[in-house]
Participant: 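Input: one structure, supplied below.
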There are 2 protein chains.
Amino acid sequence: MSRPTVHDIAQTAGVSLATVDRVLNKRPGVRAKTISRVNDAIEQLGYVRDVAAANLARQRTYDFTCILPDAPTEFLSELRAAISESAAMTAMERMRIAVRTYPADDTHALADMMGALAKAPPDGLALMAPETPRVRDAVRRVMAAGTSVVPVVADLPTAGCGHFVGINNVAAGRTAATLLGRFLPVAPASVLVIAGSMSARDHAERRLGFDQVMAERFGHLHVMPTLECHDRGDLVTAQVTRLLSKHPGIGGVYSAGAGNHGLVQALNAAGASDRVTVIAHELTDCTRAALTDGTFDAVIAQNPGHIVRSALRVLKADVDGMETIPSQERIRTEIFLRENLP
Amino acid sequence: MSRPTVHDIAQTAGVSLATVDRVLNKRPGVRAKTISRVNDAIEQLGYVRDVAAANLARQRTYDFTCILPDAPTEFLSELRAAISESAAMTAMERMRIAVRTYPADDTHALADMMGALAKAPPDGLALMAPETPRVRDAVRRVMAAGTSVVPVVADLPTAGCGHFVGINNVAAGRTAATLLGRFLPVAPASVLVIAGSMSARDHAERRLGFDQVMAERFGHLHVMPTLECHDRGDLVTAQVTRLLSKHPGIGGVYSAGAGNHGLVQALNAAGASDRVTVIAHELTDCTRAALTDGTFDAVIAQNPGHIVRSALRVLKADVDGMETIPSQERIRTEIFLRENLP
DNA sequence: GTGAAAGCGCTAACAA
DNA sequence: TTGTTAGCGCTTTCAC
């Protein structure tokens with residue numbers, strides 16, 4: 001017995017297809033009495049609508065674009081790869097995704113790009129960008145042009161746009177601190193924190209959460225001022241090498257940004273991989289290798305595939321005027337040790 | 001410019017729809033020359049097939065069933081909930097899922113159920129069951145009837161069925177040991193391991209991995225014999241209470257099975273929550289609460305939603321004779337601390 | 001070997 | 001307020 005269709009409903013309710021469709025889509029122009037007759041039939045037959053067929057007939061396509069910075073970090077490549085991989089699912093749901101890239105830190109170029117977008121506004125925009133006044137204004141313009149905007153990886157709380165898709169970076173910092181504090185022996189030691197730039201909201205939030213937990217639970221550890229290395233491996237190597245020899249009391253490192261290959265290099269050169277406990281961010285070839293050979297002790301990560309799929313779901317729901325289930329769209333802050341590497 | 005359809009291909013290749021379809025689906029009865037003409041058109045127009053429309057026309061539906069034990073653990077409820085939640089995605093992909101339940105540990109009942117299934121074999125079966133000869137034979141029978149079988153949560157390596165969907169339990173045990181070993185101070189202490197039953201493959205594997213790492217890295221810790229409590233909270237409470245007072249040297253607990261509420265109760269009653277470090281399995285209301293209030297220190301988990309979706313994808317791919325991408329179907333062994341609870 | 005035409009389950013003009 | 005009808009993109013008989 002195959003599942004009931006609109007025809008079956010029409011027949012048992014004694015109305016036409018069009019009326020069934022009107023009731024199904026809550027369109028006006030049907031007598032209350034007829035509505036309930038149709039609904040009874042729906043109930044009785046246990047009808048569930050074939051979404052694929054509906055979308056086919058509706059000819060609805062979703063035109064989405066992703067805007068990402070072009071910084072050469074591994075995480076960004078993974079994000080891009082995740083977008084390509086979503087192509088299959090994406091085609092099935094009748095959405096088309098365009099990816100655009102702007103020079104990292106050049107918010108002028110970014111604003112221009114978004115201005116151009118507002119000329120031919122897509123249905124939705126997934127945007128990974130720093131939170132500056134210029135960006136905020138550009139976001140407002142695109143939204144005014146009718147595009148749903150969802151911030152990705154880095155939140156844009158003041159732009160008045162959609163549900164943020166990414167991890168809670170304060171929580172990520174707290175997680176890092178908990179791991180570092182518990183992995184280190186209960187004895188005085190210094191802890192080095194490396195970030196890209198403290199003006200990047202996500203890195204600042206990680207540092208904030210990290211400091212909270214350090215103060216709350218690990219008073220015996222001395223947290224040093226943040227080393228800002230702009231996610232550049234060469235700078236990380238230089239600075240860490242310098243500090244490692246200057247402060248022999250360094251027992252832990254929290255790498256909140258990118259450029260981890262520079263950190264690995266500095267630690268190995270100083271022969272410090274064993275005596276220093278390291279927590280880093282994002283699961284990449286580099287951090288995976290460092291975890292495997294014991295240079296790093298834990299990695300905090302957000303799954304690029306989940307981020308992309310969630311952003312797409314959120315945009316689609318927004319365009320369709322549907323609610324999203326927040327608990328389902330929360331991106332998890334993952335923890336990896338050598339033992340649970342995927 | 002909307003995307004090209006079979007009509008466009010037919011037109012530019014100068015053939016009919018039917019021929020295009022034959023080429024697209026690699027059906028015989030087309031001259032090689034015509035094939036390449038069609039393929040050229042496909043290439044030239046950048047055609048990508050509309051899977052949803054294809055499935056609609058094809059009238060293909062996937063008839064799947066899930067068989068689960070009826071043990072009253074929270075994890076199983078979550079798994080069931082995940083199955084219901086997958087209904088939306090499931091309908092879209094034209095699959096129908098039936099859920100059947102057997103009395104836990106009653107492999108006779110399970111075998112009967114599977115025998116009945118073989119009478120009207122579904123396209124696919126996701127099976128969570130212990131690995132016994134009877135079960136193995138039942139699986140073989142269902143497979144002989146033409147059903148694709150994928151083992152879920154607990155592997156069935158000797159039954160010759162599909163790709164296992166679940167975590168690597170040896171790795172999970174190793175992860176638990178690493179966390180416990182690194183969280184505890186470097187000093188002699190005893191470690192208690194609680195499992196449901198060592199004849200359950202997953203629990204035995206966790207214990208194996210746990211012991212490996214304990215031996216490799218944490219020789220100063222004494223791992224006690226496994227406490228088998230059959231996932232029953234009351235038994236856990238009784239046994240743990242007894243051991244806690246008998247062995248004051250217990251500094252860590254690894255709870256590899258269910259019944260965690262019993263463990264929480266015993267620890268609280270003994271006032272031991274602070275001095276004992278606890279690692280447990282599965283993220284449930286109980287373990288979440290214990291993590292939040294500091295009774296538990298970490299939880300190792302597998303995501304029920306991922307398991308269900310992955311099992312469905314694997315079954316569908318198998319039925320369609322498609323390859324799955326193993327890396328995409330690997331279920332992650334997740335780690336939760338209080339700080340990164342979702 | 002190839003093509004014409006009738007659907008799949010649903011939506012949306014346009015009539016009535 | 002309701003019904004008729006022609007599709008959406010693809011598959012599949014059945015003729016030629």
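A, B, ... follow the sequence lines: proteins, then strands. Residue 1 opens every chain.
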Participant: Of the candidate nucleotides C:dA12, D:dT11, C:dG3, which contains the atom at the shortest distance from the side chain of A:Ala18?
Facilitator: C:dA12

Participant: Select from A:Pro28 and B:Leu56 the residue whose nearest nucleotide in DNA chain D is closer to the 5' end of that strand.
Facilitator: A:Pro28

Participant: Once rounded to the nearest 0.5 Å, what's the spacing between atom SG of B:Cys161 and atom CG of B:Leu127?
Facilitator: 7.5 Å

Participant: Closer than 4.0 angstrom, basic N to acidic O: yes or no for B:Arg94 and A:Asp50?
Facilitator: yes

Participant: Looking only at the side chain of A:Arg31 (C-beta and beyond, no hydrogens), which of the listed nucleotides C:dG3, D:dT1, C:dC10 gets closest?
Facilitator: D:dT1

Participant: In whole Å, I'd like the distance from the CZ atom of B:Arg94 to the P atom of C:dC10.
Facilitator: 9 Å

Participant: Taking CD from A:Gln11 and C1' from C:dC10, how many angstroms apart are they, rounded to a whole number?
Facilitator: 17 Å

Participant: Provide, to the nearest angstrom, the distance between the CG atom belonging to B:Asp8 and the P atom belonging to D:dC8.
Facilitator: 11 Å

Participant: Using only side-chain N and O atoms of A:Arg58, determine if any of them is under 4.0 Å from OP1 or OP2 of C:dT11.
Facilitator: yes

Participant: Heavy-atom nearest nucleotide on DNA chain C for A:Ala57 versus B:Thr34: which residue maps closer to 5'?
Facilitator: B:Thr34

Participant: Has A:Ser16 got a side-chain N or O lying under 4.0 Å from the OP1 or OP2 atom of D:dT4?
Facilitator: no

Participant: With a non-hydrogen cut-off below 4.0 angstrom, is B:Val15 in contact with a base, only sugar-phosphate, or nothing?
Facilitator: sugar-phosphate

Participant: Would you kindly give the CG-to-P distance between A:Asp21 and C:dG9, to the nearest whole Å?
Facilitator: 15 Å

Participant: Find the distance A:Tyr47:OH to C:dG9:C1' and express it as a whole number of Å.
Facilitator: 7 Å

Participant: How is B:Arg49 classified with respect to the nucleic acid when contacts are heavy atoms under 4.0 Å: base, sugar-phosphate, or nothing?
Facilitator: sugar-phosphate

Participant: From C:dC8, C:dG3, C:dC10, pick the nucleotide closest to the side chain of B:Arg22?
Facilitator: C:dG3

Participant: Where the side chain of B:Val30 is concerned, which of D:dC10, C:dT2, D:dT2 is the nearest nucleotide?
Facilitator: C:dT2

Participant: Cation-pi check for B:Tyr47 against B:Arg49: NZ or CZ below 6.0 Å from the six-membered ring centre and within 45 degrees of the axis, yes or no?
Facilitator: no

Participant: A:Gln59 CD to C:dC10 C1': how many Å, rounded?
Facilitator: 12 Å

Participant: Picking from C:dC8, C:dC10, C:dT11, which would you name as closest to the side chain of A:Arg27?
Facilitator: C:dT11

Participant: Under a plain distance cut-off of 3.5 Å, with no hydrogens placed, do A:Tyr102 and A:Asp112 share a side-chain donor-acceptor pair?
Facilitator: no

Participant: Output the rounded distance in Å from CG (B:Asn25) to C1' (D:dG9).
Facilitator: 13 Å

Participant: Could you give all pairs that pass the side chain to side chain donor-acceptor pair (under 3.5 Å) test and reach residues 142-155 of chain B, with sequence neighbours left out?
Facilitator: B:Ser148-B:Asp318

Participant: Can you check the A:Asn55 CG to C:dC10 C1' distance for me, whole Å?
Facilitator: 10 Å

